[in-house]
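Here the structure comes first, spelled out in structure tokens, and everything after it is commentary.
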Amino acid sequence: MFTGLISDLGRVRSIAKGGDTRISIATAYAMDSVYMGASIACSGVCLTVTEKGPDWFAVDASEETLSCTTIGGWRGGTAINLERPLTLADELGGHLVFGHVDGVAEIADRREESDSIRFTVKPPAELARFIAPKGCVALDGISLTVNEVEDPAFGVNIIPHTAENTSFGGLAPGDRVNIEVDMLARYVARLLPQSRPEK
């Protein structure tokens with residue numbers, strides 16, 4: 001489990017395709033404190049450390065993961081938002097993020113707004129009902145507040161700190177991002193009676 005507060009901006013070192021795809025990622029984490037088999041959120045995707053070195057680690061991504069996320073488009077040098085798992089002693093500064101990506105959204109617009117950057121994001125149609133004004137959403141692993149919803153898109157503001165310390169600073173219209181909707185919204189929707197077609 002994660003909070004959506006990015007603690008390192010890594011870079012893809014190499015990608016090796018096989019039965020699964022092995023991705024090596026450069027990081028500033030002290031890797032002697034990261035054990036084999038640990039989970040790290042990589043641009044919002046919870047992945048398992050399968051190999052590591054002093055300033056890098058490797059993860060394996062299955063075909064299922066590649067089909068549901070942006071990982072299939074990663075190349076050498078791609079910026080990766082990294083977050084280590086939440087511990088019981090940590091401050092919960094974002095919102096609960098599970099690292100279970102729901103789909104891929106598209107950046108529809110980017111514009112400067114005072115010192116911030118306003119992004120308009122178009123989610124997959126099946127996820128739109130889980131996104132509400134002032135609600136939470138994780139984009140490429142970053143915990144963000146939804147400013148407004150104007151179907152079929154929604155808006156978020158990125159402050160300078162976030163733009164400088166995550167991959168969001170380099171995003172442009174047409175780019176794709178991993179999206180995880182708020183888990184609470186999912187459960188509420190599940191509990192609500194479903195509308196039934198009239199006979």
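Quick note: residue numbers are just sequence positions, from 1.
In terms of modelled atom types and a separation under 3.5 Å, the side chain of N165 and the main chain of T162 share no donor-acceptor contact. Under the 3.5 Å distance criterion, the side-chain polar atoms of D55 are left unmatched by any main-chain donor or acceptor of A26. Not one N or O on the side chain of K134 forms a donor-acceptor pair closer than 3.5 Å with the backbone of V146.
Closest approach of R22 and T50 over heavy atoms only: NH2-OG1, 3.2 Å. Taking all atoms of both residues into account, the shortest heavy-atom contact from L127 to I179 is CD1-CG2, 3.9 Å. Nearest heavy atom pair, residue F130 against residue A185, reads O-CB, 3.6 Å. Across all non-hydrogen atoms, the minimal contact from E180 to G99 is OE1-N, 2.9 Å.
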**OP:** Evaluate side chain to side chain donor-acceptor pair (under 3.5 Å) for T27 paired with D8, printing each intermediate quantity in order.
**Re:** CA-CA 7 Å; T27 180; D8 184 32; 2.6 Å; yes

Subject >> Verdict with supporting geometry, S7 and R84, side chain to side chain donor-acceptor pair (under 3.5 Å) >> reply: CA-CA 8 Å; S7 51; R84 294 184 63 180; over 6 Å; no

**OP:** For side chain to side chain contact (heavy atoms under 4.5 Å, CB included), just list the numbers for F154 and K122, CA-CA rounded to whole Å, side-chain angles, deciding distance to a tenth of an Å, and then say yes or no.
**Re:** CA-CA 7 Å; F154 64 93; K122 185 177 180 182; over 6 Å; no

**OP:** Show the numbers, then the answer: is there a side chain to side chain contact (heavy atoms under 4.5 Å, CB included) between T65 and I71?
**Re:** CA-CA 8 Å; T65 301; I71 293 178; 3.8 Å; yes

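Two rings, from F168 and F119, have their centers less than 6.0 Å apart.
When only modelled atom types and interatomic distance are considered, N178 and S43 share no side-chain donor-acceptor pair under 3.5 Å. Inspection of the N157 and N147 side chains reveals an N or O donor paired with an N or O acceptor under 3.5 Å.
One finds the CG atom of L82 at 11.5 Å from the OG1 atom of T166 (value rounded to the nearest 0.5 Å). The distance from the CD1 atom of I15 to the OG1 atom of T21 is 8.0 Å, given to the nearest 0.5 Å. One finds the CG atom of L47 at 8.5 Å from the OG atom of S39 (value rounded to the nearest 0.5 Å).
Around the CG atom of D151, the shell of radius 6.0 Å holds more than 12 heavy atoms that belong to other residues, nucleotides or ligands. The environment of CD in E64 is sparse: at most 12 heavy-atom neighbours from other residues, nucleotides or ligands sit within 6.0 Å.
Every residue two or more places apart in sequence or in another chain that forms a side-chain contact (heavy atoms from CB on, under 4.5 Å) with E63 is listed here: L66. Contacts of S14 classified as side-chain hydrogen bond (donor to acceptor under 3.5 Å, both in side chains), with partners at least two apart in sequence or in another chain: none. Residues meeting the side-chain contact (heavy atoms from CB on, under 4.5 Å) test with D20, sequence neighbours left out: D60, S62.
Residues R111 and T120 meet the side-chain proximity criterion, which asks for heavy atoms closer than 4.5 Å. P123 has its side chain within reach of I131: a pair of non-hydrogen atoms, C-beta onward, lies under 4.5 Å apart. Put simply, the side chain of F57 does not reach to within 4.5 Å of the side chain of E51, judged on heavy atoms.
We find that E112 and R118 are not joined by a salt bridge, their nearest charged nitrogen and carboxylate oxygen being 4.0 Å or further apart.
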